[in-house]
2 protein chains.
Amino acid sequence: MSSPIYIQIYKVLKEKIVLGQLKPGDMLLSENELAQQYSTSRPTVRKSLSMIENEGYIYSYPGKGYYVAVPDHNKYTLVFNELHSGDYSINESKLLEVNVIVADEEIARVLQVPLQRKVIIIRRLLSVTEEPVAYDVKYLPYYRGKPIVEKEIQYATFPEMVAQKDSAFAIKKELCISIEYSQPIIEKSLYLKESRPMLVVDQRLFDQQNQPIGWGKTYYKSEYGKIKACSS
Amino acid sequence: MSSPIYIQIYKVLKEKIVLGQLKPGDMLLSENELAQQYSTSRPTVRKSLSMIENEGYIYSYPGKGYYVAVPDHNKYTLVFNELHSGDYSINESKLLEVNVIVADEEIARVLQVPLQRKVIIIRRLLSVTEEPVAYDVKYLPYYRGKPIVEKEIQYATFPEMVAQKDSAFAIKKELCISIEYSQPIIEKSLYLKESRPMLVVDQRLFDQQNQPIGWGKTYYKSEYGKIKACSS
DNA sequence: GAGTGGTCTAGACCACGAA
DNA sequence: TCGTGGTCTAGACCACTCT
């Protein structure tokens, strides 16, 4: 029925911090005092404190004690997936091209490969109920003997494409969101009559050694481009 | 010299996962086996495992064991602060207006207050080396007796403005990034000659009871609007 | 020297899963 | 019934901080 002791202590202490009864810089009671107060042992109290510490609410100085931290208001958690654009969920993905090309200057620079090096290009058109909402292009360094199964690619997100080769846990990612004007090939694919500003998500993947292993850009029609995040 | 035992075990196990020697779904050795293998006690092994579990690499089933998790490739950490736009750091903030207005329909809806309710409006112009790059507007519900010190507001980020009233830890935040075309008041402030697409960051703050306590929008000139995030 | 947090031990009992 | 992870205890020693 009742929750574990370390959960109870955790809740009480965290509530004091969240409600402002304990303010940033304030010192908490010592582990021994808390153990006595809750009639429990020091390891149990430490479990509660380490949970709160992991969440970033407090920090500790050896030999001194625990202090309430200053909250970082700038961090957010962003969930991005080119197949779930904001409020809309992409339910149709059309493969426009899967090919091997040679790297031009920009691709070579981003993927850190020599010019003219073979690179896989994957172009997709993403739609919501038959209406095209985004144009998506990926570049991957080409390795001989790595088969490309088109069916596996069609509805795959970028990390999934790359993870087939590398360990899924080894991938580091970078996102950059900005505005770009559409290029002719995009206008043609999305049936736009003129150049328009688009929300662009630039996605770069790196392996454990920080070597680039993938570059992707997704161009959203402005009315469908909404990227959301919330407090971490 | 040598690191603590639980750190050593942590590193070995995590490396096996990151390098792909242990794949998603694989079962780890039991706590007792690991304790024996490393000639240590079960609590020490548990410390290592709980660290890896907190990082999302493994999960545990009581009575069964620990398993390697399937990585979530969609989560990113976004650091946003209206005063640090992408690559550029805003070094000049000009207060255009600090005032009390009555809520129009849109403000009333977002802040969940009655129409005509008094609301504080703060408008700022953000610049990089004398060049205006962003227009920023905030709305806060007005409470009598809460003084507005203009000097404190000028270089404050949104959560800092609101945290003066509430506990700093109680604030929940939501971000929405999208494209909007500039309105006349923005064009005038940013010296734009015509309407242009802008990168808009919509920021909403809520208290512990999910009551809105602030609404802000920052309009970046498209060439300065770059929002970055990286793997969590 | 007294108190603090950091690390570690060697047990205990429980609920749960599998055979 | 046996092994698993989840909880908890009551100590120990260390490095550190403060006075």
Side-chain angles (χ1 to χ4, degrees), chain A residues 1-17 21-72 169, chain B residues 1-17 21-72 169:
Chain A
M1 185 56 234
S2 68
S3 47
I5 300 175
Y6 75 89
I7 295 286
Q8 295 176 35
I9 301 176
Y10 162 82
K11 284 184 181 171
V12 170
L13 292 180
K14 188 168 162 185
E15 176 137 318
K16 283 188 182 177
I17 296 172
Q21 294 170 21
L22 287 170
K23 294 191 193 311
D26 285 359
M27 199 170 98
L28 275 66
L29 294 179
S30 74
E31 295 178 351
N32 283 318
E33 286 170 317
L34 286 170
Q36 199 175 350
Q37 186 173 321
Y38 289 94
S39 306
T40 184
S41 63
R42 195 157 80 96
T44 300
V45 169
R46 280 180 63 77
K47 169 112 182 162
S48 311
L49 290 170
S50 74
M51 286 172 65
I52 304 178
E53 189 172 24
N54 278 336
E55 294 175 13
Y57 291 97
I58 60 175
Y59 59 91
S60 60
Y61 274 136
K64 296 181 73 177
Y66 288 87
Y67 298 85
V68 178
V70 177
D72 182 355
F169 287 99
Chain B
M1 184 57 231
S2 67
S3 47
I5 302 175
Y6 74 90
I7 295 286
Q8 296 177 33
I9 302 176
Y10 162 82
K11 283 183 181 170
V12 170
L13 293 181
K14 188 169 162 184
E15 177 136 317
K16 283 188 183 175
I17 296 172
Q21 296 170 21
L22 287 170
K23 292 189 193 315
D26 285 359
M27 200 169 98
L28 275 66
L29 294 178
S30 75
E31 295 177 351
N32 283 320
E33 286 169 318
L34 286 169
Q36 198 174 353
Q37 185 173 321
Y38 289 94
S39 305
T40 184
S41 63
R42 195 157 80 97
T44 300
V45 169
R46 279 180 63 78
K47 169 112 182 164
S48 312
L49 291 170
S50 75
M51 285 172 66
I52 304 177
E53 188 171 24
N54 277 336
E55 293 175 12
Y57 291 96
I58 58 176
Y59 59 91
S60 61
Y61 275 137
K64 296 183 73 176
Y66 288 86
Y67 298 86
V68 178
V70 177
D72 182 356
F169 287 100

query: Of A:S39 and B:Y61, whose closest DNA chain D nucleotide lies nearer the 5' terminus?
result: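 Its nucleotide being nearer the 5' end, the pick is B:Y61.
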To the nearest angstrom, how far is [X] atom [atom1] from [N] atom [atom2]?
{"X": "B:R42", "N": "D:dG5", "atom1": "CZ", "atom2": "P", "value": "7 Å"}
{"X": "B:Q8", "N": "C:dT7", "atom1": "CD", "atom2": "P", "value": "12 Å"}
{"X": "B:Y59", "N": "D:dT4", "atom1": "OH", "atom2": "P", "value": "18 Å"}
{"X": "B:E31", "N": "C:dG11", "atom1": "CD", "atom2": "C1'", "value": "15 Å"}
{"X": "A:K47", "N": "D:dG5", "atom1": "NZ", "atom2": "C1'", "value": "11 Å"}
{"X": "A:I9", "N": "D:dC8", "atom1": "CD1", "atom2": "C1'", "value": "11 Å"}
{"X": "A:I52", "N": "C:dG5", "atom1": "CD1", "atom2": "C1'", "value": "15 Å"}
{"X": "A:L29", "N": "C:dG3", "atom1": "CG", "atom2": "P", "value": "16 Å"}

Give a yes/no on whether any side-chain N or O of [X] is located under 4.0 angstrom from OP1 or OP2 of [N].
{"X": "A:T40", "N": "D:dC8", "answer": "no"}
{"X": "B:R46", "N": "D:dG6", "answer": "yes"}
{"X": "A:S60", "N": "C:dT4", "answer": "no"}
{"X": "A:Y66", "N": "C:dG6", "answer": "yes"}
{"X": "B:K64", "N": "C:dA18", "answer": "yes"}
{"X": "B:Y6", "N": "C:dT7", "answer": "yes"}
{"X": "A:T44", "N": "D:dC8", "answer": "no"}
{"X": "A:N32", "N": "C:dT4", "answer": "yes"}

- request: Report which part of the nucleic acid B:I5 touches: base, sugar-phosphate, or nothing (heavy-atom distance under 4.0 Å, all strands).
  value: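 If one applies the 4.0 Å heavy-atom cut-off, B:I5 turns out to touch the sugar-phosphate alone, with no base involved.
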- request: Would you classify A:S41 as touching base, sugar-phosphate or nothing, given that sugar-phosphate means primed atoms plus P, OP1 and OP2, and contacts are heavy atoms under 4.0 Å?
  value: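 Result for A:S41 = base.
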message: Nearest heavy atom decides the nucleotide; on that basis, is A:L49 or A:P43 closer to the 5' end of DNA chain C?
response: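 Its nearest nucleotide being more 5', the pick is A:L49.
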- prompt: How would you list, by chain and number, every residue that makes a ring-ring contact (aromatic ring centres under 6.0 Å, His included) with B:Y59, sequence neighbours excluded?
  reply: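 Testing B:Y59 for ring-ring contact (aromatic ring centres under 6.0 Å, His included), a comparison that skips the adjacent residues, returns B:Y61, B:Y67.
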task: Give, for atom OG1 of B:T44 and atom CD1 of B:I9, the distance between the pair rounded to the nearest 0.5 Å.
output: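 Rounded to the nearest 0.5 Å, the OG1-CD1 separation comes out at 7.0 Å.
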- prompt: So B:Y66 and B:E31, side-chain contact (heavy atoms from CB on, under 4.5 Å) or not? Walk me through it.
  reply: CA-CA 9 Å; B:Y66 288 86; B:E31 295 177 351; 2.8 Å; yes
field: Considering all heavy atoms, the nearest A:V68-A:I58 contact
entry: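 Looking at all heavy atoms of both residues, the closest pair is CA-CG2, 4.1 Å.
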field: Nearest atoms (heavy-atom pairs only) where B:R42 meets B:N32
entry: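 Distance-wise, the nearest heavy atoms are CD-OD1, 3.4 Å.
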